[in-house]
Amino acid sequence: MPDIEFPTSGGTSPGYLAVPAAEHGPATIVLQEWWGLDEHIRSICDRLAGEGFFALAPDLFRGETTTQPSEAEQKMMALSMDQVEKDMCGAAEYLKSQPGVEGSGVGSLGFCLGGGLSVWAAATCPEITAAVSYYYVMPHGKPDFTKIKGPILGHFGTNDEFVPVEDAKKLESELRDAGAEVTFHFYEGGGHAFFNDTNRLGTYDEALATESWGRTVDFLRSALSS
């Protein structure tokens, strides 16, 4: 039953859960792009399960997805960060409580909007102890970076029309100045959403997606094993 309801401090939230075949291993939450909890995000949870992780993607849009950029932007801007925090932190707490989940904390992994939210979760959710951000976008301000409790890994394309390299490097400096352990990788020629093999921008790059995925899995496995 991959589609679940999990408890949060605000009630319950829907989400998609993938469990590793061995039913034990580290855990991470997965945070959606502005399209919603679509098949691509579900497939990432499944891939993580294939790597031995429990993976839970909270459904921040409550069952709604879109393929239209204008509608996606409206949904993103309409998000309540108070509600999103409850969803993300509740997802991490739920994973931490599951039989078979190993490690001292839970990871977060997100893309675009979710890339920003992944760092936000690291700063606001007690269970999140490592975060991966693909092409960080965060329209709702920034959390207090000094509250981040674990390492941050970032992936950015050098040809990203939405996240210029200078913006990503500024973010890297802000995180480091706040005391975070941060590693950002810049992928030559990569456009926005270069990881998304269903993306509508035509920017998917298999080689860059494969390279960044290997780094992501190794990072989460290492950071969550201690």
Side-chain angles (χ1 to χ4, degrees), residues 26-33 44 48 53-58 60 76 79 81-82 84-93 95-96 101-158 160 162-187 190 192-195 208 211-226:
T28 185
I29 63 172
V30 179
L31 299 162
Q32 67 196 46
E33 294 179 307
I44 291 169
L48 282 165
F53 290 80
F54 291 77
L56 173 56
L60 305 180
M76 176 175 73
L79 281 175
M81 286 311 300
D82 182 58
V84 169
E85 279 188 19
K86 290 184 170 96
D87 291 349
M88 296 191 300
C89 299
E93 288 172 25
L95 282 175
K96 197 79 176 75
V101 168
E102 300 169 351
S104 56
V106 173
S108 63
L109 165 63
F111 304 81
C112 185
L113 165 64
L117 293 177
S118 180
V119 177
W120 193 293
T124 56
C125 300
E127 286 77 16
I128 300 294
T129 57
V132 181
S133 175
Y134 275 81
Y135 22 87
Y136 175 116
V137 172
M138 193 62 247
H140 296 281
K142 293 173 183 170
D144 182 350
F145 290 154
T146 65
K147 290 187 163 43
I148 291 171
K149 296 165 296 300
I152 306 288
L153 178 67
H155 303 294
F156 297 87
T158 60
D160 192 320
F162 297 93
V163 188
V165 168
E166 54 267 29
D167 287 3
K169 290 193 169 172
K170 183 178 176 210
L171 173 67
E172 185 180 26
S173 295
E174 285 179 34
L175 287 164
R176 193 164 281 131
D177 290 347
E181 179 189 335
V182 55
T183 304
F184 278 10
H185 294 285
F186 293 89
Y187 296 83
H192 192 69
F194 67 77
F195 186 83
L208 301 186
E211 183 179 13
S212 64
W213 179 253
R215 285 171 167 165
T216 293
V217 170
D218 289 347
F219 168 82
L220 288 171
R221 196 171 275 140
S222 172
L224 298 174
S225 65
S226 54

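All values below come from the heavy atoms of this structure, side chains included, with hydrogens, waters and symmetry mates left out.
Nearest approach of Ala130 to Leu224, heavy atoms of both residues: CB-CD2, 4.3 Å. The minimum heavy-atom distance linking Ala92 with Val106 is given by the pair O-CG2, 3.7 Å. Between His140 and Met76, the closest heavy-atom pair is NE2-O, 2.8 Å. When all heavy atoms of Lys96 and Ser104 are compared, the pair lying nearest together is CE-O, 3.5 Å. In terms of heavy-atom proximity, Lys149 sits nearest to Ile128 at CE-O, 3.6 Å. Residues Thr28 and Leu95 come closest through the heavy atom pair O-CD1, 3.4 Å.
The CG atom of Leu48 lies 12.5 Å from the CZ atom of Phe54; values are rounded to the nearest 0.5 Å. Distance check, rounded to the nearest 0.5 Å: OG1 of Thr124 to NZ of Lys147 gives 10.5 Å. Atom CZ of residue Phe53 and atom CD1 of residue Ile29 lie 14.0 Å apart, to the nearest 0.5 angstrom. Atom CG of Leu208 sits about 12.5 Å away from atom NE2 of His185, to the nearest 0.5 Å. In this structure, CD in Glu174 is found 15.0 Å from NZ in Lys169, a value given to the nearest 0.5 Å. The CG atom of Leu171 lies 9.0 Å from the CG atom of Asp167; values are rounded to the nearest 0.5 Å.
In this structure, Phe195 and Ile44 have side chains that are in contact, with non-hydrogen atoms separated by less than 4.5 Å. Residues Val84 and Trp120 have side chains not in contact (no heavy-atom distance under 4.5 Å, counting atoms from C-beta outward).
The aromatic rings of Tyr187 and His155 sit tilted, their planes meeting at an angle between 30° and 60°.
Each of Tyr134, Phe156, Tyr135 was scored for a ring-ring contact (aromatic ring centres under 6.0 Å, His included) with His192, with one residue passing: Tyr135.
Checking side-chain atoms of Gln32 against main-chain N and O of Ala57 turns up no donor-acceptor pair under 3.5 Å.
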Only pairs under 3.5 Å count here: list side-chain donor-acceptor contacts from residues 107-119, not counting sequence neighbours, and write none if there are none.
| unit_1 | atom_1 | unit_2 | atom_2 | d |
| --- | --- | --- | --- | --- |
| Ser108 | OG | Ser118 | O | 3.1 |
| Ser108 | OG | Ser118 | OG | 2.8 |
| Ser118 | OG | Ser108 | O | 3.2 |
| Ser118 | OG | Val132 | O | 2.9 |

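With sequence neighbours excluded, no residue forms a side-chain hydrogen bond (donor to acceptor under 3.5 Å, both in side chains) with Glu181.
Looking at Arg176 and Glu172, a side-chain N of the basic residue comes within less than 4.0 Å of a carboxylate O on the acidic one, giving a salt bridge.
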